[in-house]
K.L.:
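Just dropping this structure here.
Chain letters run A, B, ... following the sequence lines, proteins first and then strands; every chain starts at 1. Just so it is clear, the structure is predicted and the values come from calculations on it, not from any experiment.
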There are 4 protein chains.
Amino acid sequence: MSTKREQPPGPGRPRDPDADTAILRSAMEVLVEQGFAGASIERIAKRAGVAKVTVYRRWSSKETLLADAIEAARDAIPAADETETPAEDLPGIIDQLLPQWSEALVRPELRMLTARLLGAGPDHPRLLAAYREHHLEPRRERALATLRRARDAGVLAPDADLDMLIDMLNGAVVQYLLLADDTPDPAAARDYLERLFRQAGLRGPAADTPPSAR
Amino acid sequence: MSTKREQPPGPGRPRDPDADTAILRSAMEVLVEQGFAGASIERIAKRAGVAKVTVYRRWSSKETLLADAIEAARDAIPAADETETPAEDLPGIIDQLLPQWSEALVRPELRMLTARLLGAGPDHPRLLAAYREHHLEPRRERALATLRRARDAGVLAPDADLDMLIDMLNGAVVQYLLLADDTPDPAAARDYLERLFRQAGLRGPAADTPPSAR
Amino acid sequence: MSTKREQPPGPGRPRDPDADTAILRSAMEVLVEQGFAGASIERIAKRAGVAKVTVYRRWSSKETLLADAIEAARDAIPAADETETPAEDLPGIIDQLLPQWSEALVRPELRMLTARLLGAGPDHPRLLAAYREHHLEPRRERALATLRRARDAGVLAPDADLDMLIDMLNGAVVQYLLLADDTPDPAAARDYLERLFRQAGLRGPAADTPPSAR
Amino acid sequence: MSTKREQPPGPGRPRDPDADTAILRSAMEVLVEQGFAGASIERIAKRAGVAKVTVYRRWSSKETLLADAIEAARDAIPAADETETPAEDLPGIIDQLLPQWSEALVRPELRMLTARLLGAGPDHPRLLAAYREHHLEPRRERALATLRRARDAGVLAPDADLDMLIDMLNGAVVQYLLLADDTPDPAAARDYLERLFRQAGLRGPAADTPPSAR
DNA sequence: GAATAAGCGAGACGGTACGTCCCGTCTTAGC
DNA sequence: GCTAAGACGGGACGTACCGTCTCGCTTATTC
């Protein structure tokens, strides 16, 4: 799973595990702040308080280092929300969905990370793959579970294409966040997401086809 | 509009106008191929067959040069498609919408350009702004016109939030192309877009809420 | 004579002559202060306020750089002292000889330089050769001229081996300066040199063989 | 006298006394061959066939190690030559003096050692002090004794400043060996020393002031 | 038709990072 | 305690490329 190999316990002084974590965290910070081009080994090492050679001993290239850093920086996503109180009504569903997308818009470092890694795709597909695997996929799984329960509760049409729906929701958020000049404030993010959910078809069954609209 | 100033015709040897176009085209090529970090003035100048100082005399920074290059590389978008044959039926609308989004997926240089510029956003907002103004906005205008006609024809719900709908369509396409490992083939792109249109609500008026389905 | 080649005036920006002098002076300072091992190109360049590559462009190795620096740092030795007022008496001769050796003892940077270069001899004969040629030889020539006039004036025995005498005078001074823990003060240096001159045979003809001493 | 402490016999495996001598000899060899800068603990340990940590356990720094190595490498100088057959004549005296200075010129490792340690003086006075104490002083004592007997025998003037005379003799030899490009051959060394002794005033009593020369 | 001013190629400049090497020190395992 | 085998921070190495600058030469317009 990780690109890091476990070192055999052979003779000699063992590697300092603190150095690993310091390097990975430093790498992530520099990547978020300065981008891939600015994430030189030299800078990463200096910020981690570590000699360059200590980095080179562990990772043979900037790309593998950053891929590991991305993996190590993955949030603890609540695996699946079976435990959540089931919500049959629309507001309950939306309250569950909102924070899942909102944080990507509102937390600046997440916004930066997303922009950097999606932008790095063409040149560094391994970084993008690591991001997809360790950050995007878990979030998608969780969102999928929520939407599935929404569909079962009748809040979404029974024939809704949930995968595509997630693409659309994700996509709208991503392009919003990529095109924004700076981090949107939480209220604006909430407004945008509510408009988004409505247009995506997340409407109460009754509200969907009000008799007066017919 | 352009950041380029016209030079007064004063005395001395006039600037070679061919150099401008060669530099702009070279800049765009390098940007697409190597990304912003790889788009050094040195490389651009070498590819254009021009001395570095010739570039610096015309543009004060890499950012303004690339912004001009992005502007110069804008496609000729048919401004508004009043001329198009009005289409009341769903297949006709889809046939009009499909190519508008398909090309971003299918033409590799467009895909690269999109990825690079969205990724460059945090560091170089002026480039992103130029891209938005000269590439994204015209496309959005055209799409908006098409969707408006679709709504008028009853193919979309009368209360559809067209701006948000475009965000969703664009967004799905963008994240598809950003996450793809390489350029999708046209058939796959078409399949994806058709699923997308369907889930977005582009359905025939009768098929949308068949009385028998209720 | 110098190991530096004159550059052809070909195209391109010419080399900055100020950089040459700054590098040479910086190199000399670092050599005197830190010794050969401490005289890294990096340090020399930093102190000279110059990029490393600017040094490498001019000198291919530390040794050739330092050899040039040694040459450039040679003092302007009054070539030959024909112009000096001829002195037939002993005190006059001594007053002429004293400063010639005293400065090597009393000026700390000369003392350091001598120690460093004589010590570097086994490893870096080119540096020693440069020092010999540009610093030691001119001083020896001047001393030889003075001693020759002293012999002609009868202050030295007519059959004195002047070359060997200079070796002895130089040698005593050199080993004094090399073995001293730090720079001797001028009075001690003067006392030492006067004892040295007396034992070397620089005595007035009459004082040499006082009748009472027999 | 030595900077080495005797270790208490406490528990655990006792230190290998062979390691001490191997390290000291290795240190001396490396110092003579490579100079102070090249005499890294790493190299010394490797040549001694010993782990680096074994060296560090015994000596706290490179300087103290080398100082001990210098002390250990002192030649067995015949303390005072009371046993020598008294010699009233000039050739006898010279035959006694000659080898005392000749060996420093002719034995390459002595020449190297002298150059290295005199050169190291400014940076590492403790090494120089060790060399002075254990190598130079015993030789000076022996030379002084010989010269005293020469003066008593009338081969030197009764008022000769013997300390200064030794400085001159030593000094001439030192600067000869420091400036030479490589080890002089014994015949040249002998010629030089004979010229030196003559100019230093080591002449037979009759030859010194022949009545006819006056 | 010369003077003049700008264009142009070439290359030096300071700066930053590269990836490697060696040093002195520290830390483990195994004897 | 010893050897062996590393890892660690530090520093220098010599190279490469970048954006900037400054030179000599060329070229077209203006006087």
K.L.:
Between C:E33 and C:R47 (salt bridge meaning N to carboxylate O under 4.0 Å), is one present in this structure?
P.N.:
yes

K.L.:
Kindly indicate whether the side chain of C:K52 and the base of F:dG14 share any N or O donor-acceptor pair separated by less than 3.5 Å?
P.N.:
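Answer yes: a donor N or O sits under 3.5 Å from an acceptor.
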
K.L.:
Rounding to a whole Å, what distance do you find between B:L65:CG and F:dC18:P?
P.N.:
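Between P of F:dC18 and CG of B:L65: 14 Å.
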
K.L.:
Heavy-atom distance under 4.5 Å between the side chains of C:H124 and C:L117, does that happen here?
P.N.:
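Sidechains of C:L117 and C:H124: no contact.
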
K.L.:
Is there a side-chain contact between B:F36 and B:D123 in this structure, where contact means two heavy atoms from C-beta onward sitting under 4.5 Å apart?
P.N.:
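No, their side chains stay 4.5 Å or more apart.
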
K.L.:
Among E:dG14, F:dC21, F:dG19, which nucleotide has an atom closest to any side-chain atom of B:V53?
P.N.:
F:dC21

K.L.:
Residues of residues 39-49 of chain A with any non-hydrogen atom less than 4.0 angstrom from an atom of DNA chain E: list those, numerically ordered, please.
P.N.:
A:S40, A:I41, A:E42, A:R43

K.L.:
For residues D:E29 and D:R25, determine if any side-chain heavy atom of one lies less than 4.5 Å from a side-chain heavy atom of the other.
P.N.:
yes

K.L.:
Specify the residue among B:A19 and C:A19 whose closest nucleotide of DNA chain E lies further upstream toward the 5′ end.
P.N.:
B:A19

K.L.:
Are there runs of at least three consecutive Watson-Crick or G-U pairs touching DNA chain E, with each pair's two distances under 3.5 angstrom? Give them by first number.
P.N.:
E:1-31 with F:1-31

K.L.:
Looking at side-chain heavy atoms only, is the closest gap between B:L65 and B:I41 below 4.5 Å?
P.N.:
yes

K.L.:
Could you state the atom-to-atom distance from CZ of D:F36 to C1' of E:dG24 in whole Å?
P.N.:
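Taking atom C1' of E:dG24 as the reference, CZ of D:F36 is at 12 Å.
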
K.L.:
Between D:L31 and D:L113, is any pair of side-chain heavy atoms under 4.5 Å apart?
P.N.:
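Yes. Closest side-chain heavy atoms under 4.5 Å.
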
K.L.:
On the nucleotide F:dT20, are OP1 or OP2 found under 4.0 Å from the side-chain N or O atoms that B:R57 carries?
P.N.:
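It does not, given that no N or O in the side chain of B:R57 lies less than 4.0 Å from OP1 or OP2 of F:dT20.
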
K.L.:
Side-chain N or O of B:T54 less than 4.0 angstrom from OP1 or OP2 on E:dG9?
P.N.:
yes

K.L.:
Between D:K62 and C:V50, name the one whose nearest nucleotide on DNA chain E is closer to the 5' end.
P.N.:
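Going by which nucleotide is closer to the 5' end, it is C:V50.
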
K.L.:
Would one find a side-chain N or O of C:R13 under 4.0 angstrom from OP1 or OP2 of E:dA10?
P.N.:
no

